[in-house]
Amino acid sequence: MSVHESFKNHCEHYKDARVNAQGKKKVAIVGGGPSGLVSLRRVLDSFSLIGTLIEQKDDVGGIWYYKDEKKFPASSQNSTDSLDDLDNPENTTAMYDNLSCNLPYVLLELRDFKHERFAYTFATQQQVHHYLREYATHFNLWPHIRLNTSVVDVRPEFETLREGTSGKWIIETHNLQTNTFSSEIYDAVMICTGKHAYPYQRPIPGLKTFKGKVMHAKFFKNADDFIDQSVVLIGLGPSAADLALVLSTTAKKITVCHKFINGKKLGIVPKNVHQMSCVKKVTGDGIVTEENERVSCDCIIFCTGYGIKFPFLNPSCGVTIVEEKYVPHLYNKMIFTKRPTLFFLNLCYQTPEYVCMEIQVCYAVNYLEGYTKLPSFQDMEAAVKAEEEDKIQREHPHSLWLQIGDLSADATWNYFWRIAEEIGIKDQFKDGPLLEQVYRISMQRMFGSLAIYKSDRLRIRTQTMWEYMLAAKPEFPDSKFEIVTIIANPDFTASVERLQLSDG
């Protein structure tokens with residue numbers, strides 16, 4: 001049996017043939033969201049690894065664990081703000097009341113554990129959280145999860161090791177229930193804390209003079225708080241699209257201000273949603289755009305994404321963050337080249353995250369087990385440098401440097417399949433080409449048919465044929481009802497057939 005065949009079998013189910021914990025490498029997994037859970041599952045499936053997941057909340061789910069009261073426990077060592085401050089990002093997730101996903105459920109699934117088929121296309125926050133808890137139960141992860149525990153310091157055991165050398169890690173934790181601290185040594189650390197925790201908000205002239213409410217999208221919780229108000233959304237990403245749609249049911253007017261890059265804008269929008277150019281300045285009662293258009297408003301919401309922060313990483317780790325958007329020295333977007341037993345999982349932007357985290361963690365586990373040999377430190381650094389120089393030549397800001405390839409959908413999926421093929425698990429993603437097409441269509445619908453896309457329906461007819469029914473509504477004459485049939489081909493591609501019907 002080849003190394004690749006051995007790993008493919010191992011990555012599935014070897015639960016009954018594990019060796020004793022003695023001699024296994026200890027892996028710390030920081031964060032109990034989807035990437036943390038799948039990391040723990042894959043580590044525990046290993047012959048030679050044993051893992052502990054550390055989560056500061058009182059339940060798993062990460063961003064999908066949402067409590068109406070906003071406030072979560074956290075260690076004061078990881079925050080300079082008062083934990084009693086409702087604007088402290090540690091207090092809540094980016095979820096809000098009555099949220100439903102903006103991607104179909106198949107793109108929020110981990111391998112070997114499916115959502116309830118035909119129950120929904122766009123799952124709610126509660127359904128995704130339930131799915132993740134059931135995932136932990138199904139794979140017996142709970143005995144290896146420490147809840148109510150903050151990681152407050154991660155540092156190398158020996159700081160003097162030369163760059164590119166693997167070493168062990170000292171992790172200090174804060175038990176939030178007993179208010180006690182403890183330290184433990186691990187062979188590897190997987191950072192799975194996500195990228196939607198710390199709001200990023202660029203300065204705008206005059207913002208402090210505004211007499212209305214200013215907030216980041218993370219702190220939006222209920223559309224009913226904006227009944228009959230005029231709201232300005234700054235940015236054009238999934239957050240802006242989501243809030244424009246949700247607020248259209250309660251607010252009087254929503255104005256989405258953005259750059260119209262390459263002519264990109266929201267299509268088929270609710271009647272009270274308008275689009276304008278970027279905000280040039282803020283006045284006491286509203287905003288002025290770059291086209292000198294004036295908009296009076298009651299509230300300004302920044303839909304400008306999130307910054308990357310790891311307050312628990314000791315400076316001795318050598319990790320730096322550029323403009324809160326980019327982490328240098330990450331080989332294959334995940335392995336810290338200077339100390340290659342430190343992994344950052346699912347940091348890539350605007351990707352199908354569940355596919356990303358699944359493949360990345362299998363790569364990390366494969367490497368820790370010795371199946372995959374990394375290039376030399378110098379070669380890894382050269383590869384990262386080449387990617388950075390390509391971004392510079394393309395004049396991409398640092399906010400795009402963790403996106404994959406040339407920002408196209410093809411580049412994103414090519415990255416996944418390249419890594420999967422390298423470790424011999426590509427054939428385990430037989431539905432990969434189907435997922436590619438669903439992701440591509442879904443992104444087009446989210447931004448191109450905002451007012452109606454949540455009425456789309458995805459059906460899995462067979463393992464190789466999926467059907468995506470794209471909705472239309474009479475009040476939107478530009479909408480057309482379509483049935484899109486996606487068929488997987490033997491050569492790891494998919495064919496797409498579209499049938500447009502005259503009546504919705």
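Below, all heavy atoms of this structure are taken into account, side chains as well, without hydrogens, waters or symmetry copies.
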Side-chain heavy-atom pair [X], [Y] within 4.5 angstrom cut-off:
X    : Y    : value
M465 : T485 : yes
V484 : E497 : no
V384 : L330 : no
L99  : D97  : no
V288 : T283 : yes
V30  : V189 : yes
I487 : W466 : no
E388 : P328 : yes

Legend entry - Summary of side-chain hydrogen bond (donor to acceptor under 3.5 Å, both in side chains) pairs that have at least one residue in residues 243-262, sequence neighbours excluded: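 Pairs touching residues 243-262 that pass the test: H258-Q275.
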
Legend entry - N98 atom CG, neighbour heavy-atom count above 12 within 6.0 Å: no

Inset, instruction - May I ask you to check whether over 12 heavy atoms, not counting those of E475, lie within 6.0 Å of atom CD? - result: yes

Do [X] and [Y] meet the criterion of a side-chain donor-acceptor pair at a distance under 3.5 Å?
X    : Y    : result
Q56  : S150 : yes
N332 : Y415 : no
Q201 : H216 : no
W417 : E436 : yes
K221 : T92  : yes
N102 : K454 : no
D456 : T121 : no
Y363 : E422 : yes
S442 : Y453 : no
D242 : Y96  : no
N148 : D58  : no

Inset, instruction - Report the C-alpha separation of F260 and C278 in whole Å, then their side-chain angles, then the decisive distance to 0.1 Å, and conclude whether the side chain to side chain contact (heavy atoms under 4.5 Å, CB included) test is met. - result: CA-CA 9 Å; F260 291 89; C278 287; over 6 Å; no

Please determine whether a side-chain nitrogen of the Lys or Arg among [X] and [Y] lies less than 4.0 Å from a carboxylate oxygen of the Asp or Glu.
X    : Y    : result
D59  : R133 : yes
R459 : E467 : no
E290 : K280 : no
R445 : E482 : no

Nearest 0.5 Å, what's the [atom1]-[atom2] distance between [X] and [Y]?
X    : Y    : atom1 : atom2 : answer
L37  : L110 : CG    : CG    : 8.0 Å
D228 : D298 : CG    : CG    : 9.5 Å
E353 : L345 : CD    : CG    : 12.0 Å
Q403 : K325 : CD    : NZ    : 10.0 Å
R111 : E358 : CZ    : CD    : 4.5 Å
L103 : L458 : CG    : CG    : 11.5 Å

Can a donor-acceptor pair be found, under 3.5 Å and without considering hydrogens, that links the side chain of [X] to the backbone of [Y]?
X    : Y    : result
T209 : L207 : no
Q125 : W64  : yes
T124 : Q127 : yes
E55  : G32  : yes
T493 : P433 : no
Q229 : V231 : no
H129 : V60  : yes

Inset, instruction - I would like to know whether Y354 and N346 meet side-chain hydrogen bond (donor to acceptor under 3.5 Å, both in side chains); could you show each step before the answer? - result: CA-CA 8 Å; Y354 283 58; N346 196 33; over 6 Å; no

Legend entry - Aromatic Y306 / basic K218 pairing, under 6.0 angstrom, 45° off normal: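 No; the conditions do not both hold, so K218 does not lie above the ring face of Y306.
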
Looking only at heavy atoms, which two atoms of [X] and [Y] are closest? And how far apart?
X    : Y    : value
F226 : C299 : CE2-SG, 3.6 Å
C303 : L243 : SG-CD1, 4.1 Å
A451 : L245 : CA-CD1, 4.1 Å
S277 : C257 : O-CB, 3.4 Å
V246 : A223 : CG1-CB, 3.7 Å
V273 : A244 : CG2-O, 3.8 Å

Inset, instruction - List the steps, then state whether side chain to side chain contact (heavy atoms under 4.5 Å, CB included) holds for I359 with F429. - result: CA-CA 10 Å; I359 291 177; F429 290 86; 3.5 Å; yes

Legend entry - Partners passing side chain to side chain contact (heavy atoms under 4.5 Å, CB included) against R202 (at least two apart in sequence or in another chain): I204, I234

Inset, instruction - Please name all residues satisfying side chain to side chain contact (heavy atoms under 4.5 Å, CB included) with P340, sequence neighbours left out, ordered by chain then number. - result: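 Scan of P340 (side chain to side chain contact (heavy atoms under 4.5 Å, CB included), adjacent residues dropped) gives S166, I335, Y367, L374.
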
Inset, instruction - Would you please test F220 and L247 for side chain to side chain contact (heavy atoms under 4.5 Å, CB included) and show each step? - result: CA-CA 10 Å; F220 173 91; L247 284 168; 3.7 Å; yes

Inset, instruction - Please lay out, stage by stage, how E323 and Y200 fare under the test side-chain hydrogen bond (donor to acceptor under 3.5 Å, both in side chains). - result: CA-CA 10 Å; E323 296 180 359; Y200 181 83; 5.9 Å; no

Legend entry - Qualifying residues under salt bridge (Lys or Arg N to Asp or Glu O under 4.0 Å), relative to E163, sequence neighbours excluded: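 Residues passing salt bridge (Lys or Arg N to Asp or Glu O under 4.0 Å) with E163: K338.
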
Legend entry - Test salt bridge (Lys or Arg N to Asp or Glu O under 4.0 Å) applied to R418 - qualifying residues, sequence neighbours left out: none

Inset, instruction - Can you label the angle between the Y131 ring and the Y135 ring as parallel, tilted or perpendicular, going by 30° and 60°? - result: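 Correct class here is tilted.
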
Inset, instruction - Sequence neighbours left out, what passes ring-ring contact (aromatic ring centres under 6.0 Å, His included) with Y326? Give chain and number order. - result: W401

